[in-house]
Amino acid sequence: MNTNVWKVDKYVDKLESNPHIVDAAHFLRENEVVALPTETVYGLGGNAENDEAVTKIFAAKGRPADNPLIIHIADKVQLDRFVKEVPEKAKNLIDAFWPGPLTIIFNKKEGVLSEKATAGLSTVAVRMPDHPVALALFRECGLPIAAPSANSSGKPSPTTADHVVDDLNGKIAGVLDAGPTGVGVESTVVDCTEEIPVILRPGGVTKEQLEAVVGEVRVDPALTNTEGDARPKAPGMKYRHYAPNAPLYLVSGTREFLQRLVDEKRQEGMRVGVLTTEEHSAEFAADVVLACGQRAELETVAAALYDTLRKFNQVDVDVIFSEMFPTSGVGLAIMNRLQKAAGNKIISE
Ligand code: TXA
Ligand code: MG
């Protein structure tokens with residue numbers, strides 16, 4: 001299959017009449033799949049009401065069938081079609097954060113969406129992304145769009161159209177290229193089917209921001225309990241994810257300690273990579289040192305994280321050591337993704 005790359009300027013006023021968006025919407029209505037930009041990462045979209053389209057999404061990514069997709073909408077009124085009820089707290093979260101990087105789990109109305117999209121669950125994850133190109137596309141095709149991140153399963157999520165092409169070229173009808181995404185980590189997934197909302201995946205909207213709107217919010221215990229066999233409630237969180245090719249270790253301790261680990265491995269003849277931030281990158285002596293944003297502004301670390309992990313695959317290293325980050329604000333999502341990328345390998349001083 002020929003994969004079209006459609007360049008779209010997201011700052012143009014009349015996106016609705018953009019011929020590339022009209023083309024992409026046409027493919028979606030024909031039950032083909034196309035990649036699209038959101039404010040978090042690029043998604044791989046398909047008609048959420050059609051089994052054939054959803055099957056193509058799973059096939060292109062190589063995604064396990066038990067991992068449900070997020071349904072994307074352009075307008076709150078679309079919720080009514082496939083959601084049973086919108087609880088009071090969910091209403092408040094919608095008013096505060098949509099469009100934006102927040103996915104909400106609802107009880108599902110049966111018989112509307114493809115069963116494959118929700119992996120046969122009685123619940124459904126929904127979000128309205130804050131990206132003019134995504135919203136124009138959804139409005140143009142008039143369908144609820146199932147869209148996981150547009151990477152091959154297991155790889156870091158794509159934050160540029162180039163990342164999408166690297167993973168999915170020849171497997172999808174096209175990608176709308178609107179430049180790098182802003183947030184860089186995926187949406188926060190919050191379960192609103194229970195009285196107290198539960199974060200199933202930390203992301204672009206922080207726990208602190210959610211609590212300011214609805215009071216107490218819990219975090220799925222399986223996310224912090226990395227030793228036991230607690231089963232995460234978001235099926236996708238149980239898979240190893242985001243991993244670069246070389247083994248990645250998170251280092252808890254001083255920068256001198258991290259440098260000693262680097263020196264030991266180099267003495268053994270290994271090529272060593274370091275994942276750090278702009279503030280400290282000049283302090284390390286290693287074969288490859290990559291700065292991932294600025295530690296003083298964790299949003300910049302989130303924005304650069306997946307591109308940095310992907311860059312380690314383009315250089316020749318045998319092992320990677322990474323600094324750790326505070327878990328406040330978007331740091332919770334950054335550390336969650338780094339821990340998954342490292343397969344929970346942490347070396348403490
Ligand atoms: O920012 C994002 O959310 C991006 C962009 C493209 O919108 N999408 C994304 O989708 O990250 P995906 O498929 O890569 O991750 C969806 C996560 C998975 O961990 C999945 O298991 C979980 O949401 N999920 C989906 N439906 C669920 C449900 N009904 N109950 C619990 N978890 C669910
Ligand atoms: Mg994903």
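The structure displayed is predicted, hence computed values, not measured ones. Just so you know, residue 1 is the first one in the sequence shown, and it goes up from there. Order of appearance sets the numbers: ligands from 1, and atoms from 1 within every ligand. Scope of the values below: all heavy atoms of this structure, side chains included, with no hydrogens, waters or symmetry mates.
- Using bins of under 30°, 30° to 60° and over 60° for the plane-to-plane angle, the ring pair Phe27/Trp6 lands in the tilted bin.
- The distance from ligand 1 to the heavy atoms of Leu200 drops below 4.0 Å at these ligand atoms: 31 (C).
- Under the 4.0 angstrom criterion for non-hydrogen atoms, Thr118 is not in contact with ligand 1.
- Counting atoms of ligand 1 from 1 in the listed order, those under 4.0 Å from a heavy atom of Ala125 are 25 (C), 26 (N), 27 (C).
- Rounded to the nearest 0.5 angstrom, Arg127 CZ and Thr188 OG1 are separated by 9.5 Å.
- More than 12 heavy-atom neighbours from other residues, nucleotides or ligands sit within 6.0 angstrom of CG on Asp95.
- Proximity to Lys233 (heavy-atom distance under 4.0 Å) selects the following atoms of ligand 1: 31 (C).
- Annotation: Tyr42 places no N or O atom under 3.5 Å from an N or O atom of ligand 1; distance criterion only.
- The atoms of ligand 1 that sit less than 4.0 Å from any heavy atom of Pro68 are 20 (C), 21 (O), 24 (N), 25 (C), 26 (N), 27 (C), 33 (C).
- Within the structure, ligand 1 has Ala147 among the residues with a heavy atom less than 4.0 angstrom away.
- Close approach of ligand 1 to Asn67 is summarised as follows: ligand atoms under 4.0 Å from at least one heavy atom of the residue are 18 (C), 20 (C), 21 (O).
- A distance of 13.0 Å separates CD1 of Ile73 from CG of Leu143, quoted to the nearest 0.5 Å.
- For the atom pair Asn47 CG and Ile57 CD1, the distance stands at 9.0 Å (nearest 0.5 Å).
- Residue contacts with ligand 1 leave out Lys108, since none of its heavy atoms falls under 4.0 Å from the ligand.
- Only protein N, O or S atoms were scored, and 1 of them lie under 2.8 Å from the Mg ion (ligand 2).
- The only option from Asn151, Ile172, Asn67 that meets the side chain to side chain contact (heavy atoms under 4.5 Å, CB included) definition with Lys61 turns out to be Asn151.
- In terms of N/O distances under 3.5 Å, ligand 1 is approached by His72.
- Note: no N/O pair closer than 3.5 Å links Ile70 and ligand 1 by distance alone.
- When only interatomic distances are considered, the shortest N/O to N/O separation between Glu186 and ligand 1 does not fall below 3.5 Å.
- Between atom CD1 of residue Ile70 and atom CD1 of residue Ile105 there is a gap of 7.5 Å, rounded to the nearest 0.5 Å.
- Ligand-side atoms of ligand 1 in range of Thr123: 28 (C), 29 (N), 30 (N), range being under 4.0 angstrom from any heavy atom.
- A heavy-atom separation below 4.0 Å is found between Pro235 and ligand 1.
- The side-chain hydrogen bond (donor to acceptor under 3.5 Å, both in side chains) pairs that include a residue from residues 131-140 are Glu16-Arg139, where partners are two or more places apart or lie in different chains.
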